[in-house]
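Data block below; observations after.
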Amino acid sequence: MVRAVWKNTIIAESEQTRTVEGNHYFPPNSVRLQYLQDSSTTSVCGWKGQANYYSVKVGDEVNKDAAWTYRQPKEEAREIAGYIAFWKGVQVQV
């Protein structure tokens with residue numbers, strides 16, 4: 001079981017993550033969406049496409065842009081469409 005944990009709170013857990021470039025992407029149904037807030041931040045990867053970010057919020061603590069997803073990735077990255085990955089202090093425990 002792979003878990004994403006921040007502030008001692010499990011944000012996501014799944015046995016079916018997909019690993020791309022060392023990052024575990026969690027299926028959308030394995031993420032506890034109550035801890036995610038939409039962000040206006042985006043970035044672009046040459047082969048994956050545009051990433052959209054979420055901030056992670058636990059209690060009153062906010063970790064800005066600590067999660068991202070490729071909602072409509074390029075064809076080469078279609079396997080992670082809608083999957084969510086974490087960084088910026090969110091511990092991904094394998």
Side-chain angles (χ1 to χ4, degrees):
M1 182 74 68
V2 181
R3 289 185 177 90
V5 178
W6 190 64
K7 298 289 179 186
N8 295 316
T9 301
I10 297 172
I11 308 301
E13 59 183 339
S14 177
E15 292 180 357
Q16 299 175 341
T17 62
R18 296 182 177 167
T19 306
V20 176
E21 296 179 327
N23 295 302
H24 283 271
Y25 285 79
F26 290 81
N29 64 356
S30 72
V31 179
R32 296 178 180 164
L33 298 177
Q34 70 265 31
Y35 297 115
L36 299 187
Q37 298 178 327
D38 281 325
S39 170
S40 61
T41 303
T42 62
S43 64
V44 176
C45 171
W47 73 273
K48 291 186 294 263
Q50 179 177 293
N52 297 90
Y53 289 78
Y54 299 100
S55 294
V56 176
K57 182 177 182 193
V58 173
D60 293 332
E61 301 270 349
V62 177
N63 190 346
K64 184 169 173 44
D65 300 336
W68 74 93
T69 187
Y70 291 90
R71 293 179 182 145
Q72 297 179 325
K74 292 183 176 183
E75 184 65 23
E76 298 88 342
R78 69 182 176 277
E79 71 174 298
I80 59 168
Y83 279 53
I84 299 171
F86 298 90
W87 68 327
K88 294 181 76 177
V90 177
Q91 297 177 341
V92 177
Q93 303 169 344
V94 181

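Side chains are part of it too, since the values below use all heavy atoms of this structure and drop only hydrogens, waters and symmetry mates. By convention here, the first residue in the shown sequence is residue 1.
Remark: side-chain polar atoms of R71 are not paired, donor with acceptor, to backbone N or O of A51 under 3.5 angstrom.
In terms of heavy-atom proximity, W6 sits nearest to G89 at CD1-O, 3.5 Å. Contact between Y70 and G49 at its shortest, heavy atoms only, is CE2-O, 3.4 Å. The heavy-atom pair separating T17 from S14 by the smallest distance is N-OG, 3.9 Å.
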*asked:* Using the rule given for side chain to side chain donor-acceptor pair (under 3.5 Å), can you reason through T69 versus Y53, listing the C-alpha separation, both sets of side-chain angles and the distance that settles it, and then say yes or no?
replied: CA-CA 6 Å; T69 187; Y53 289 78; over 6 Å; no
*Criterion side chain to side chain donor-acceptor pair (under 3.5 Å) on W68 and Y83, from CA distance to verdict*: CA-CA 8 Å; W68 74 93; Y83 279 53; over 6 Å; no
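Note that CD of E13 and CZ of F26 are 9.0 Å apart. Values are rounded to the nearest 0.5 Å. To the nearest 0.5 Å, atom NZ of residue K64 and atom CD of residue Q37 are 10.0 Å apart. One finds the CZ atom of F86 at 6.5 Å from the CD1 atom of I11 (value rounded to the nearest 0.5 Å). With rounding to the nearest 0.5 angstrom, the OG atom of S30 is 9.0 Å from the CE atom of M1. The distance from atom CG of N52 to atom OG of S40, rounded to the nearest 0.5 Å, is 10.0 Å. Between atom CZ of residue R3 and atom OG1 of residue T9 there is a gap of 13.0 Å, rounded to the nearest 0.5 Å.
When hydrophobic clusters are built by joining Ile, Leu, Val, Met, Phe, Trp and Tyr residues whose side-chain heavy atoms come closer than 4.5 Å, directly or via intermediates, V20 is grouped together with W87. The same ILVMFWY cluster, assembled from side-chain heavy atoms under 4.5 Å apart, contains both V90 and V2. With hydrophobic clusters built from ILVMFWY side chains whose heavy atoms lie under 4.5 angstrom apart, V92 does not share a cluster with I80.
The 12-atom threshold is not exceeded at CD of Q72, counting heavy atoms of other residues, nucleotides or ligands nearer than 6.0 Å. Within 6.0 Å of CD on Q16 lie no more than 12 heavy atoms contributed by other residues, nucleotides or ligands. Atom CZ of R78 is surrounded by 12 or fewer heavy atoms from other residues, nucleotides or ligands within 6.0 Å.
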Got a list of side-chain donor-acceptor pairs under 3.5 Å for residues 54-63, not counting sequence neighbours?
| residue | atom | partner | partner atom | Å |
| --- | --- | --- | --- | --- |
| S55 | OG | D65 | N | 3.1 |
| N63 | ND2 | K88 | O | 2.6 |

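Within the structure, every pair that satisfies the salt bridge (charged side-chain N to carboxylate O under 4.0 Å, His left out) test and touches residues 14-27, not counting sequence neighbours, is listed here: E21-K48.
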